[in-house]
Amino acid sequence: KPSTATKPTAAKTGAAAPAKLYAHAWNQLTFKAPMQLSKPAKLGLDAVFLQVPASGAADFKLLLVSISTQMAKQMGLDEAGQFKYVKSTFFGMAKAPSGHVPRRIFERASRGEVFESAIPKPRILETHLVTLPDGSRLVIGFRRTKSFPAAQAEAITTAVCSTLRVTAH
């Protein structure tokens with residue numbers, strides 16, 4: 001399915017939540033963010049990124065990598081192996097995480113991994129692996145430069161995680 005980014009909608013959460021959320025979609029996924037992200041740009045066969053700002057050098061990127069059940073069989077890797085492969089191939093992270101962060105994604109607990117890198121410039125990456133209702137998997141990455149405000153990155157990350165939904169094809 002083509003990507004869409006729509007006009008903001010009112011948030012339905014507590015007083016600390018942003019007043020507006022922008023709807024986005026890719027493939028069978030929909031989610032919202034408190035700011036307009038770029039349209040998805042292809043990162044690989046079943047992988048995209050959305051960024052802030054929408055053009056130029058990105059200070060914040062949302063990375064989405066889909067692993068279909070067929071692809072998982074062809075890879076011959078278990079869940080941990082698939083996660084490791086995606087982190088290395090698409091996110092450039094082969095080292096052990098520097099920490100973990102809990103999130104709720106698809107109404108389930110997810111224990112994300114946090115990485116810090118100085119190359120090409122200081123940045124922080126948070127990754128999560130989730131299983132979709134059809135058995136396929138999704139790896140989600142939130143990457144920000146250290147110059148991008150941490151509170152703004154957290155607001156985007158929290159909104160995406162809490163609003164991520166699977167739609168019918």
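Please read all numbers here as calculations on a predicted model, not as lab measurements.
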- Task: Mind listing the closest non-hydrogen atom pair of F115 and A96 along with its distance?
- Result: CE2-C, 3.8 Å

- Determine yes or no for a side-chain-to-main-chain donor-acceptor pair under 3.5 angstrom, with T167 supplying the side chain and Q28 the backbone. yes

- Carefully, step by step, assess F60 and T157 under the rule side chain to side chain contact (heavy atoms under 4.5 Å, CB included). CA-CA 10 Å; F60 181 91; T157 302; 4.0 Å; yes

- Are any of the side-chain nitrogens in E79 or R137 under 4.0 Å away from the carboxylate oxygens of its partner? yes

- Item | Donor-acceptor contact present, side-chain R108 to main-chain R104, <3.5 Å | no

- Message: Quick check on K95: does its NZ atom have over 12 non-hydrogen neighbours (other residues, nucleotides or ligands) under 6.0 Å away?
- Response: yes

- Item | For the student: nearest non-hydrogen atoms of P53 and A58, plus distance | CD-CA, 4.2 Å

- Task: Can you measure from CG (L62) to CZ (R144) and round to the nearest 0.5 angstrom?
- Result: 15.0 Å

- Query: Which atom pair, heavy atoms only, marks the closest approach of A33 to I156?
  - Reply: CB-CG2, 4.4 Å

- On a heavy-atom basis, the closest approach of T69 and S136 is CG2-N, 3.6 Å

- Here the gap from D59 atom CG to T145 atom OG1, rounded to the nearest 0.5 Å, amounts to 4.0 Å

- Query: Q36 and H24: side chain to side chain contact (heavy atoms under 4.5 Å, CB included), yes or no, with the steps?
  - Reply: CA-CA 9 Å; Q36 188 69 49; H24 297 275; 3.2 Å; yes

- Query: Would V130 end up clustered with I67 when hydrophobic side chains under 4.5 Å apart are linked, directly or stepwise?
  - Reply: no

- Item | Backbone of L29 reached by a side-chain donor or acceptor of N27 within 3.5 Å | no

- Note on the structure: Paired with V139, the side chain to side chain contact (heavy atoms under 4.5 Å, CB included) test is passed by just one of L63, L129, L64, namely L129

- Side-chain heavy atoms of E116 within contact of K146, under 4.5 Å: yes

- Query: What is the distance from atom NE2 of H100 to atom OG1 of T127, rounded to the nearest 0.5 Å?
  - Reply: 8.5 Å

- Donor-acceptor pair, S38 side chain versus Q51 backbone, under 3.5 Å? yes

- Query: Within the distance-only criterion (no hydrogens, no angle test), does the side chain of S88 pair as donor or acceptor with the backbone N or O of K84 below 3.5 angstrom?
  - Reply: no

- How many angstroms lie between CD1 in I140 and CG in L164, if you round to the nearest 0.5 Å? 5.0 Å

- Message: Quick check for you: to the nearest 0.5 Å, what is the distance between M93 atom CE and E113 atom CD?
- Response: 11.5 Å

- Query: Within a reach of under 6.0 Å around CZ of F90, are more than 12 heavy atoms found that belong to other residues, nucleotides or ligands?
  - Reply: yes

- Note on the structure: d(S162 OG, L21 CG) to nearest 0.5 Å is 7.5 Å

- Can I124 be reached from V160 by stepping across I, L, V, M, F, W or Y side chains whose heavy atoms are under 4.5 Å apart? no

- Item | Residue pair A23 / K32: nearest heavy atoms and the distance that separates them | CA-CG, 4.0 Å

- Does NZ or CZ of K87 fall inside the cone over F83's six-membered ring, less than 6.0 Å from its centre and within 45° of the axis? yes

- Query: Are any of the side-chain nitrogens in E154 or R103 under 4.0 Å away from the carboxylate oxygens of its partner?
  - Reply: yes

- Message: Does atom CD (Q70) have a neighbourhood of more than 12 heavy atoms from anything else shown, all under 6.0 Å?
- Response: no

- Is F31 reachable from V101 through a run of hydrophobic residues whose side-chain heavy atoms are each under 4.5 Å from the next? no

- Salt bridge check: are R143 and E126 linked by an N-O gap of less than 4.0 Å? no

- Message: Are L132 and W26 linked, directly or through intermediate hydrophobic residues, by side-chain heavy-atom contacts shorter than 4.5 Å (ILVMFWY only)?
- Response: yes

- Query: Of all heavy-atom pairs between G81 and D78, which one has the smallest distance, and what is that distance?
  - Reply: N-OD1, 2.7 Å

- Task: Determine the interplanar angle of the F142 and H128 rings, folded into 0 to 90°, and report it as parallel if under 30°, tilted if 30 to 60°, perpendicular if over 60°.
- Result: perpendicular

- Please answer: with hydrophobic residues joined when any side-chain heavy atoms are less than 4.5 Å apart, are V114 and F91 in the same cluster? no

